[in-house]
Amino acid sequence: MASIRRTLSPAFQDRAYVNGGGSPFSVPSPSQKLLSSSRYSPPFPSAILAFSVSVRSFVAGVLFHRPNRKGQQWRRGFYRCLLFFFLGFLLGLLPFGHVDDDEIRGRSFNFDIKLPHVNVQLDTDNTDRAVKRMNVQFNTDNADRAEKRRNVQFDTDNADRTVKRREDLVDVRLGVVERRVDLVPRKLLIIVTPTYNRALQAYFLNRLGQLLGLVPRPLLWIVVETNAASMETAEILRKSGVMYRHLVCGNNSTRAKDRGVYQRNTALEHIERHRLDGIVYFADDDNIYSLDLFDRLRDISRFGTWPVAMLAQSKNKAILEGPVCNRSQVVGWHTNEKSKRLRRFHVDMSGFAFNSTILWNPKRWHRPTSAPIRQLDTVKEGFQETTFIEQVVEDESQMEGTPASCSKVMNWHLHLEAHSLVYPKGWQLAKNLDVVLPIER
């Protein structure tokens with residue numbers, strides 16, 4: 001086999017080596033270094049030098065020394081890991097930077113996007129041209145804006161005139177003089193209607209139910225019957241679409257005067273027991289009412305009254321009964337019947353309304369007594385209204401006349417009853433009429 005002999009380079013043959021080393025690849029021992037370094041004055045104590053030498057030899061042995069045995073490889077790896085762990089621990093302790101917590105807390109983070117600044121350099125000629133164009137465009141825009149403002153003003157004037165014309169036309173058609181938007185929740189209207197079996201009962205109830213269906217909510221219709229609740233009346237109430245309560249009066253009086261008194265007292269007891277909060281109005285089913293009346297009922301705070309037009313018993317003249325007002329203050333009464341001039345308050349049963357809390361909250365209205373307020377059946381006919389009102393208010397100063405100056409009739413009382421006739425059961429005739437006319441051909 002050919003042998004390869006490694007010779008020294010000529011460049012290193014004449015070089016003198018330090019510490020007596022004859023070869024450039026010889027590694028000096030630590031003792032030789034100590035001997036050679038003893039020629040100079042050591043800047044550190046001997047213990048520190050010895051420690052540094054031992055550390056250096058340990059590091060060199062771990063990193064560069066090749067183990068002779070296979071069993072020493074795991075030791076070398078373990079020492080390497082230990083060395084690097086120690087170095088990392090020392091590096092972690094070094095203070096590379098310091099951030100004050102107060103600065104972090106006091107610093108406000110701003111998430112606004114800042115656009116980079118762009119420097120645009122234009123030539124002088126281009127700049128002048130751009131400025132002229134901008135001025136021309138600005139003047140054009142101003143002219144357009146001024147023209148638009150004139151057009152808008154002209155259109156606004158026309159629109160205002162059109163709206164006013166339309167409002168005037170609507171007011172003339174509907175007869176509405178004043179309109180107002182009330183943001184306050186509406187008061188509950190409690191309409192009390194006593195009814196009984198007669199020929200025109202279905203007609204009266206259907207007419208009143210259709211009217212109450214046009215009144216803005218909330219509204220409660222309390223219908224009171226005598227002895228038992230009839231199926232015919234209950235069906236009319238269901239079809240009316242109005243929130244209702246169908247009550248029965250236990251007192252079966254046959255007299256018309258006492259029957260209405262007991263039925264209204266039944267409704268008053270129901271309102272007092274359930275503490276209904278609203279405006280109570282006695283609306284008989286045979287009267288005629290305007291829709292404006294129910295709108296004005298919600299303006300009453302304690303007790304409100306208004307004039308009622310009615311036909312006399314002889315049906316040959318009209319009678320106006322109710323208050324005479326100076327704006328909303330009651331100053332007198334309308335009456336034409338001599339037999340009723342002894343009454344304290346000349347009001348029809350459908351000519352007043354009151355706050356329901358007077359029935360169950362006497363402290364609010366400073367009532368002198370907490371006795372229940374009821375209609376009396378011991379007084380003469382025609383005096384039930386005045387005796388009832390005397391329990392609610394003391395005098396005219398606690399009344400409110402509506403509308404202003406009581407200058408409008410909002411309901412009519414017509415005597416159209418047929419007491420001797422009753423409606424057929426189920427609103428159906430069991431047989432045909434007695435007289436049948438044949439059809440001629």
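Excluded from the calculations below are hydrogen atoms, water molecules and symmetry mates; all remaining heavy atoms, backbone and side chain alike, are included. As the structure is a prediction and not an experimental result, all values here were calculated from the model.
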Worksheet entry | Test applied, side-chain contact (heavy atoms from CB on, under 4.5 Å); reference residue, R264; option that passes from V280, D284, I222, T193 |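 Running side-chain contact (heavy atoms from CB on, under 4.5 Å) over V280, D284, I222, T193 with R264 returns exactly one hit, D284.
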Side-chain heavy atoms of [X] within contact of [Y], under 4.5 Å:
| X | Y | answer |
| --- | --- | --- |
| V409 | L320 | yes |
| E390 | T386 | yes |
| P194 | R259 | no |
| Q263 | T226 | yes |
| W221 | V192 | no |
| P372 | E272 | yes |
| R374 | L268 | yes |
| V392 | W365 | no |

Quick one: do the [X] and [Y] side chains pair a donor with an acceptor below 3.5 Å?
| X | Y | result |
| --- | --- | --- |
| E225 | T195 | no |
| E321 | T335 | no |
| T305 | E400 | no |

With rounding to the nearest 0.5 Å, note down the distance linking [atom1] in [X] to [atom2] in [Y].
| X | Y | atom1 | atom2 | value |
| --- | --- | --- | --- | --- |
| T233 | Y196 | OG1 | OH | 12.5 Å |
| L205 | K239 | CG | NZ | 13.0 Å |
| I279 | D299 | CD1 | CG | 9.5 Å |
| S356 | I190 | OG | CD1 | 4.5 Å |
| L376 | T387 | CG | OG1 | 4.5 Å |
| F354 | I373 | CZ | CD1 | 7.0 Å |

Closest approach of [X] to [Y] (non-hydrogen atoms, all atoms of both residues):
| X | Y | result |
| --- | --- | --- |
| G241 | R217 | O-NH2, 3.5 Å |
| D395 | F345 | CA-CZ, 4.3 Å |
| L188 | L220 | CD1-N, 4.0 Å |
| M410 | P403 | CE-CD, 3.7 Å |
| R298 | K187 | NE-O, 2.8 Å |
| R367 | L359 | NH1-O, 4.1 Å |

Worksheet entry | Q375/F282 under side chain to side chain contact (heavy atoms under 4.5 Å, CB included): CA gap, chis, key distance, verdict | CA-CA 12 Å; Q375 292 189 5; F282 298 123; 3.8 Å; yes
Listed partners of [X] passing side-chain hydrogen bond (donor to acceptor under 3.5 Å, both in side chains), at least two apart:
| X | value |
| --- | --- |
| R344 | E396 |
| S350 | N287, D348, N411 |
| N355 | T357 |

Fill in: Whether W360 side chain and L276 backbone form a donor-acceptor pair below 3.5 Å
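Confirmed, W360 side chain pairs with L276 backbone.
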Discussion item. When you measure from the side chain of S405 to the backbone of S407, do you find a donor-acceptor pair of N or O atoms at a distance under 3.5 Å?
Written reply: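 The answer is no, because no donor-acceptor pair under 3.5 Å joins these two groups.
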Angle class for the [X]/[Y] ring planes (parallel below 30°, perpendicular above 60°, tilted otherwise)?
| X | Y | value |
| --- | --- | --- |
| F352 | F303 | parallel |
| W333 | H346 | tilted |
| H270 | H274 | tilted |

Worksheet item: By ring-ring contact (aromatic ring centres under 6.0 Å, His included), which residues pair with H334, not counting sequence neighbours?
Response: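 None.
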Item to complete: Go through the structure and list residues passing ring-ring contact (aromatic ring centres under 6.0 Å, His included) with Y244, not counting sequence neighbours.
Response: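 Expected list: none.
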Worksheet item: Can the ring centres of F388 and F383 be said to be less than 6.0 Å apart?
Response: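 Aromatic pair excluded; centres sit 6.0 Å or further apart.
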Fill in: Output field: ring centroids Y281/W306 closer than 6.0 Å
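Aromatic pair counts; centres sit under 6.0 Å.
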Discussion item. Counting only heavy atoms not in R327 (residues, nucleotides, ligands), do more than 12 fall under 6.0 Å from its CZ?
Written reply: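 Not buried by this count: 12 neighbours or fewer within 6.0 Å.
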Worksheet item: Is atom CD of E394 surrounded by more than 12 heavy atoms (other residues, nucleotides or ligands) closer than 6.0 Å?
Response: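 Result for CD/E394: open.
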Worksheet item: Can a salt bridge be assigned to the pair R186 and D295 using a cut-off of 4.0 Å between side-chain N and carboxylate O?
Response: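 The answer is no: the pair does not qualify as a salt bridge.
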Practice prompt. Output every pair passing salt bridge (charged side-chain N to carboxylate O under 4.0 Å, His left out) with a member in residues 406-416, not counting sequence neighbours, ordered by first then second residue.
Written response: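 The answer is D292-K408.
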